[in-house]
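Inspection log for the structure reproduced underneath, given as structure tokens.
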Amino acid sequence: MKRPRVVIDTNLVLSALVFAGGRLAPLRLAWQDLRVLPLVSRTTAAELIRALACPKFKLAAHEQEELLADYLPYCKTERIPVPPPATPRCRDAFDVPFLELALAGKADALISGDKDLLRLNGKLACPILGAERFLDSIDAYR
């Protein structure tokens, strides 16, 4: 069975990485066990790097690097074409790169906890799902 190609929003990746024993630990295991193929673009990877450096996480540079090493090697980088694919209208401009990545990378799902993105489910070529719902769906294939 081919691995689902997924776009995971930054907040979920952060939670899975920073809170290793938290509710999103199964998401981290899904990419580490090669059950999913996360997609990243230059823009989404840069946002993750910026977010890990955020003072509220109190992560030293080497800790940030270790967390990135627990994610980026499992990802496939997709180029966003110029012009980018047309996306559904989105209230938050910071969400658009994830929509573009899902389209350009032919994702099987966009995984998000963002209400603005979740509200767009059904308006994109792939489903937009919360983490728990997505994990339930891939667990059905185990």
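All residue numbers refer to positions in the sequence shown, counting from 1.
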Taking all atoms of both residues into account, what is the closest heavy-atom pair of Val7 and Ala107, and its distance? CG2-CB, 4.0 Å
Nearest-0.5 Å distance that lies between atom NZ in Lys58 and atom CD in Glu63: 12.0 Å
Do Asp114 side-chain atoms and Asp116 backbone N/O form a donor-acceptor pair below 3.5 Å? yes
Can you tell me how far apart CD (Glu66) and NE2 (His62) are? Round to the nearest 0.5 Å. 5.5 Å
Among the clusters formed by ILVMFWY side chains lying less than 4.5 Å apart, do Val6 and Leu124 turn up in the same one? no
Interatomic distance, CG@Leu48 vs OG1@Thr43, rounded to 0.5 Å, equals 12.5 Å
In Å and rounded to the nearest 0.5 Å, what is the SG to CD distance from Cys54 to Gln64? 10.0 Å
Could you tell me which non-hydrogen atom of Asp108 sits nearest to which non-hydrogen atom of Pro4, and how far apart they are? OD2-CA, 3.3 Å
Quick check: closest heavy atoms across Pro85 and Ile80, and the distance to 0.1 Å? CD-CG2, 4.2 Å
Among the clusters formed by ILVMFWY side chains lying less than 4.5 Å apart, do Leu68 and Val36 turn up in the same one? yes
Check Asp136 with Arg133, please: is the shortest side-chain N to carboxylate O separation under 4.0 Å? no
According to a hydrophobic-cluster definition based on side-chain heavy atoms being under 4.5 Å apart (Ile, Leu, Val, Met, Phe, Trp, Tyr only), do Leu14 and Leu110 belong together? no
Using a 6.0 Å cut-off, check whether atom CZ of Phe94 has over 12 heavy atoms from anything other than its own residue. no
For Asp9 and Phe98, the nearest pair of non-hydrogen atoms, with its separation, is CA-CE2, 3.8 Å
Correct closest heavy-atom pair for Leu12 and Gly113 would be CD1-N, 3.7 Å
Connected via hydrophobic side-chain network under 4.5 Å: Phe57 and Leu27: yes
Salt bridge (Lys or Arg N to Asp or Glu O under 4.0 Å) partner of Glu78, chosen from Arg42, Arg5, Lys106: Arg5
Heavy-atom closest pair (Leu99 atom, Pro88 atom, distance to 0.1 Å) is CD1-O, 4.1 Å
Can you check side-chain contact (heavy atoms from CB on, under 4.5 Å) on Val18 and Leu52, steps first, answer last? CA-CA 9 Å; Val18 175; Leu52 282 169; 4.1 Å; yes
Leu24, Ile8: one ILVMFWY side-chain cluster at the under-4.5 Å cut-off? yes
Spacing of CD1 belonging to Ile111 relative to CG belonging to Leu117, to within rounding of 0.5 Å: 12.0 Å
Salt bridge or not between Arg23 and Glu132? Use side-chain N to carboxylate O under 4.0 Å. yes
Where the side chain of Asn121 meets the backbone of Ile128, is there a donor-acceptor pair that is under 3.5 Å apart? yes
